[in-house]
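Single-structure report; data block below.
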Amino acid sequence: MAAVQLSGIYKRYGDTQVVHGIDLHIDDGEFVVLVGPSGCGKSTLMRMVAGLEEISGGELTIGGTRANGLPPQQRNISMVFQSYALYPHLSVYDNIAFGPRIRKEASTSFKPRIEAAAKMLNLSGYLDRLPRALSGGQRQRVAMGRAVVREPSLFLFDEPLSNLDAKLRVQMRTEIKALHQRLKNTVIYVTHDQIEAMTMADRIVVMNAGRIEQIGRPLELYDRPANLFVASFLGSPSMNFAAGEVVSTANGVALQLGDGAQIPLHGANGANGVNGVNGVSGAIAKPGAKVTLGVRPEHIEASDEGIPMDVEVIEPTGAETHLYGKIGGASWCVTMRQRASIEPGQRVTVRFPGQHMHLFDTESGRRLG
Ligand code: ADP
């Protein structure tokens, strides 16, 4: 088991810096997911932890020991990649036994570990098979088996589910989480898939352009995104946004959108009525401020009075229905749990409960308040 500490870690390729001073502490036994769009530097960061990329600057410690410059095999880590990297001519057993044999372990020492791993990963009946006679999910489990028999203090997963079809991805997600709950090892898991991050992580690290945007527990980030990037990255369909200017109205402050529509800001960002008009503190929403309102699709309510939305596209998923249309000139999505007989072209009116309105400074993107 190992805690991992990254202090001011950066990475340069020639003149180009791609990771800009990352500070991150990962507790022993924690499951941390690095998530962000393609090219944001998550794989580079993880490969530096693995010892597969040189660290250009900063300090890395694993289990309290400085690991900069330590060869990968001395870091006591196991890595599972997107490509399972199995040897096609070796059986499942021999694939899993490959590492221990290379390390010249006695078979009496590793055989029980392989059998235990195979049992845990539902591979016991497949130990004599070649990889080509396995399904994608089974091959991914062999790759995990190989990682597990090392009994590492740290597991690194780099987009391990990207090659699997949607159904298998969901199933393996649960299996990896269950595996972690059983082994209680430290895990760093890289993905571009925000659903994987939300469902698997103890803590999520959202990255963008080589920097950390926010770190927190999944629902903390979902409920209180620190900026527009995190707000739009987590959640599917994604949070809706409308930029406008704060104005004073007879009932307090409202957001005036480009098309003249006004959205009352009562209760936005959790403001409780203290120190301001209409429940929004003066500092949060001063008249004249350029502010972006964000509301998640599932938090929008149909109402007899409210903001008009002209419905353009309707997507039933079975469990819920997504309505797409324009609010304040921007495209918005509304998720309804009930089935509704709404047609494209129809106008509906909606309201936004104050506690589910997120306000951001339009220029800096930062959450207000
Ligand atoms: P992610 O895993 O988030 O998709 P990467 O860590 O793979 O992102 O890449 C981060 C950035 O570093 C990208 O802009 C990528 O083009 C750049 N990069 C990665 N590897 C190299 C390399 N060997 N040489 C130069 N640039 C690289």
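Both counts, for ligands and for their atoms, begin at 1 and track the order of listing.
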For this session: Before giving the answer on side chain to side chain donor-acceptor pair (under 3.5 Å), spell out for D128 and S91 the whole-Å C-alpha distance, their side-chain angles and the decisive distance to 0.1 Å.
Result: CA-CA 5 Å; D128 296 330; S91 69; 5.6 Å; no
For this session: Run the numbers on T335 and E298 for side chain to side chain donor-acceptor pair (under 3.5 Å), then give the verdict.
Result: CA-CA 5 Å; T335 298; E298 73 272 22; 5.3 Å; no
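Cation-pi geometry between R217 and Y222 is not met: the NZ or CZ atom fails to fall both under 6.0 Å from the ring centre and inside 45° of the normal.
The minimum heavy-atom distance between S236 and Q194, with the atom names listed, is CB-NE2, 3.3 Å.
Near ligand 1, heavy-atom contacts under 4.0 Å come from Y13, V18, P37, S38, G39, C40, G41, K42, S43, T44.
Checked against side chain to side chain contact (heavy atoms under 4.5 Å, CB included), R101 has the following partners two or more places apart in sequence or in another chain: Y93, D94, A97, F110.
None of R224, H299, R367, R296 except one satisfies the side-chain hydrogen bond (donor to acceptor under 3.5 Å, both in side chains) rule with H358; the exception is R367.
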